[in-house]
Amino acid sequence: MSETTPRSARGRRTIPRSSDRPEDEWLPVSRLATFGLQHVLTMYGGLIAVPLIIGGAAGLSPERSALLVTASLFVGGLATLLQSIGVPFLGSRLPLVQGVSFAAVSTMLAILAGPGNDLTTVFGSIIAASAIGFVVAPFFARIIRFFPPVVTGVVITSIGLTLVPVAADWAMGGDAEAGDYGSPANIALAFGTLAIILLFSKVGSATLSRLSILLGLIGGTAVAAALGMADFGDIGSGAPVAVPEVLAFGMPTFDVASIISMTIVILVIKTETAADIIAVGEIIGTPVDRRRIADGLRADMLSSAAAPLFGSFTQSAFAQNVGLVALTGVKSRFVVAGSGAIMVSLGLMPILGQVISAIPMPVLGGAGVVLFGTVTGSGIRNLRSVSYEGNMNLIIVSVSLAFAMIPVVKEDFYDAFPAWFQTIFHSGISSAAIMAVLLNLLFNELSAGNSRDPSVFAAKPVRVLSPTDLRDLREGDVFLDGRFVDCDGEEIPLIPDDKLDEVREKIECGEITDTSQIPLVLADGEQPQQDQEAPASPQRPGSPGTVAAPEGGNVAGLRRRR
């Protein structure tokens with residue numbers, strides 16, 4: 001392996017000469033382990049929550065529920081290794097951490113509530129549905145062309161927005177039945193952790209800044225221990241090493257109705273994983289094509305199909321770890337592979353899992369505020385590159401984000417709908433992804449029937465100037481190459497004085513909604529500014545973009561904000 005990048009504050013980093021992809025960067029083993037542990041700590045709370053919930057619903061004893069937790073760590077680690085390192089036809093080879101998906105929780109609970117069903121029925125439905133998902137993975141890879149920036153920006157933004165309530169729940173204590181849930185002490189601990197993270201993000205050291213999440217978790221846990229808010233009593237109990245037992249809960253059973261319900265969930269999980277693959281590709285600046293998505297989805301489905309054999313559940317990429325990649329700027333997939341190795345170790349060595357599980361939920365909540373907020377910010381940054389002029393992209397973004405927030409702000413909104421509908425649209429991420437894709441198809445792909453004029457919701461107010469009246473100039477307007485243009489680079493037409501009142505009247509009454517319509521109202525055949533000689537003074541050499549007003553013109557408007 002040849003070194004192609006210089007020594008930096010993070011130590012020696014190398015990328016193979018055969019690759020120009022940032023995710024192939026190799027860091028020293030110590031760095032891989034440190035950053036990998038930070039990923040594990042970030043998603044640990046969410047990783048163990050699902051097996052604990054399902055174990056309780058299935059009536060398992062604490063000891064048996066612990067087997068589900070151990071299995072989820074073990075399988076999540078193997079799935080992460082497969083996704084990040086990859087083998088032919090399996091794995092996206094991107095920095096994506098895999099773990100138990102929350103999307104299947106409600107369906108698994110519904111299956112357990114069915115007559116005659118138990119945990120083996122859940123496992124059977126996951127195996128069968130994941131096998132179906134594996135077969136149709138290449139079809140899902142074809143959705144890449146339907147994920148332009150207007151769609152990916154919406155999806156990334158909705159991932160962050162819909163995860164904010166998770167961070168808030170963690171900050172309050174994570175257990176709504178606990179007596180101290182939402183107490184000032186819990187919330188103060190979360191904010192204290194947040195403050196530590198921001199402090200280390202502020203310091204001049206690049207290494208400390210990149211490790212701010214890990215240091216914040218350590219610092220927050222130390223504060224919690226000093227205040228008696230952390231419990232380390234279970235550390236060291238049980239066997240030091242325990243390999244997850246295959247089929248520890250019995251042979252899976254296959255129920256048709258349960259399989260159908262779980263297949264719907266699998267489709268949702270595939271949608272979310274595809275969105276995460278595209279999102280992390282956008283964040284680290286690497287190409288993501290349909291082949292890469294198909295390989296990632298196949299790895300996702302294979303991991304999900306194998307998980308029940310060890311006592312775990314459906315696997316998917318964790319969105320919060322996508323946020324960590326954006327926040328730290330560490331793009332190496334081998335860092336995430338290190339996370340997978342750590343998770344496998346935790347699954348084999350319960351004592352290590354016990355140490356990490358001792359981190360109080362409010363501490364994780366403080367870190368979640370930064371992580372999930374960063375995901376939202378990454379999505380907004382993507383949406384900045386989208387053009388909103390002369391199209392319906394503003395409607396696509398607005399409606400899709402509204403759909404993402406409906407189940408977040410009103411959890412019972414879809415309670416009267418069929419279970420399959422609830423399964424899909426109760427996820428804000430799935431809701432946003434589906435609506436963004438459909439609306440993009442409606443307005444941008446299927447152009448037949450679209451109005452020539454932009455929607456009133458998306459239209460930008462038309463602006464014009466006259467040679468002797470420049471009062472409408474605004475901050476950001478420039479005179480360039482003989483034309484006035486605004487801060488978005490769009491030309492501001494120069495209208496003859498005798499036509500100015502007529503044009504402005506038509507703009508106010510809605511007859512003119514785009515500058516391209518202005519020549520039509522110049523009845524005397526006079527052409528707009530692009531065919532006239534500029535009445536302004538020429539620009540000074542070396543000063544492109546400097547406004548030069550016509551002699552006698554009023555330039556007071558230059559200093560007024562919009």
With a 4.5 Å limit on heavy-atom distance, are the side chains of [X] and [Y] in contact?
X      : Y      : result
Met361 : Met172 : no
Ser101 : Phe313 : no
Val408 : Leu161 : no
Leu247 : Pro252 : yes
Val100 : Gln315 : yes
Ile284 : Pro95  : yes
Pro360 : Thr221 : yes
Leu78  : Val344 : yes

Residues that [X] engages under side chain to side chain contact (heavy atoms under 4.5 Å, CB included), provided they are two or more places apart:
X      : result
Ala306 : none
Ile132 : Thr263
Ile218 : Leu214
Ala188 : none

With no hydrogens and no angle check, is any side-chain donor or acceptor of [X] less than 3.5 Å from a backbone partner on [Y]?
X      : Y      : answer
Arg292 : Pro287 : yes
Gln83  : Gly296 : yes
Arg290 : Pro138 : no

Please report the interatomic distance [atom1]([X]) to [atom2]([Y]), rounded to the nearest 0.5 Å.
X      : Y      : atom1 : atom2 : answer
Met108 : Ser125 : CE    : OG    : 8.5 Å
Ile293 : Ile278 : CD1   : CD1   : 4.0 Å
Leu82  : Leu96  : CG    : CG    : 12.0 Å
Thr80  : Gln98  : OG1   : CD    : 5.5 Å
Ile266 : Lys270 : CD1   : NZ    : 8.5 Å
Leu194 : Ile197 : CG    : CD1   : 6.0 Å

Specify the closest pair of heavy atoms between [X] and [Y], including all atoms of both residues, with the distance to one decimal.
X      : Y      : result
Ser304 : Ser130 : CB-OG, 3.2 Å
Ile126 : Pro308 : CG2-CG, 3.6 Å
Ile342 : Gly36  : CD1-C, 3.9 Å
Ala58  : Leu119 : CB-CD1, 4.3 Å
Asp300 : Ser316 : OD1-CA, 3.4 Å
Val322 : Ala279 : CG1-CB, 4.4 Å

| query | Partners of Arg298 by salt bridge (Lys or Arg N to Asp or Glu O under 4.0 Å), sequence neighbours excluded? | reply |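 If we apply the salt bridge (Lys or Arg N to Asp or Glu O under 4.0 Å) test to Arg298, skipping adjacent residues, the hits are Asp295.
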
| Residues which pass salt bridge (Lys or Arg N to Asp or Glu O under 4.0 Å) with Asp276, listed by chain and number, not counting sequence neighbours |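 Expected list: none.
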
| task | Any pair with a residue in residues 363-385 that passes salt bridge (Lys or Arg N to Asp or Glu O under 4.0 Å), sequence neighbours left out, goes on the list, sorted by first then second residue, please. | result |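 Of all non-adjacent pairs touching residues 363-385, none passes salt bridge (Lys or Arg N to Asp or Glu O under 4.0 Å).
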
| field | Pairs involving residues 306-327, ordered by first then second residue, that meet salt bridge (Lys or Arg N to Asp or Glu O under 4.0 Å) (sequence neighbours left out) | value |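 Listed once each, the pairs would be none.
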
| message | Under the criterion side chain to side chain contact (heavy atoms under 4.5 Å, CB included), I'd like the reasoning laid out for Val369 against Trp170: C-alpha separation, chi angles, the key distance, then a yes or no. | response | CA-CA 10 Å; Val369 170; Trp170 290 351; over 6 Å; no

| said: Working note: Leu112 + Ile54, criterion side chain to side chain contact (heavy atoms under 4.5 Å, CB included); need CA distance, chi angles, decisive distance, verdict. | reply: CA-CA 9 Å; Leu112 288 172; Ile54 300 303; 4.1 Å; yes

| said: If the condition is side-chain hydrogen bond (donor to acceptor under 3.5 Å, both in side chains), which residues does Thr193 pass it with, not counting sequence neighbours? | reply: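 Scan of Thr193 (side-chain hydrogen bond (donor to acceptor under 3.5 Å, both in side chains), adjacent residues dropped) gives none.
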
| Test side-chain hydrogen bond (donor to acceptor under 3.5 Å, both in side chains) applied to Asn117 - qualifying residues, sequence neighbours left out |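 Asn117 satisfies side-chain hydrogen bond (donor to acceptor under 3.5 Å, both in side chains) with no other residue.
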
| said: One pair to check against side chain to side chain contact (heavy atoms under 4.5 Å, CB included): Asp118 and Thr121. What are the steps and the verdict? | reply: CA-CA 5 Å; Asp118 57 16; Thr121 313; 3.6 Å; yes

When the side chains of residues 69-76 are checked against the rest of the protein, which donor-acceptor pairs come out under 3.5 Å, sequence neighbours left out?
from, atom 1, to, atom 2, distance (Å)
Thr70, OG1, Ala66, O, 3.1
Ser72, OG, Leu68, O, 2.9
Ser72, OG, Ser312, OG, 3.3

| message | Suppose we screen for ring pair (Phe, Tyr, Trp, His ring centres under 6.0 Å). Which residues come up paired with Phe249, at least two apart in sequence or across chains? | response |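 By the ring pair (Phe, Tyr, Trp, His ring centres under 6.0 Å) rule, Phe249 matches no residue at all.
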
| said: Tell me if the OH atom of Tyr181 is crowded by more than 12 foreign heavy atoms within 6.0 Å. | reply: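 For Tyr181, atom OH is crowded (more than 12 foreign heavy atoms under 6.0 Å).
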
| said: Before you tell me yes or no, could you show the steps for Val97 and Met343 under side chain to side chain contact (heavy atoms under 4.5 Å, CB included), namely the whole-Å CA-CA distance, both residues' side-chain angles and the distance that decides it to 0.1 Å? | reply: CA-CA 10 Å; Val97 179; Met343 291 164 63; 4.2 Å; yes

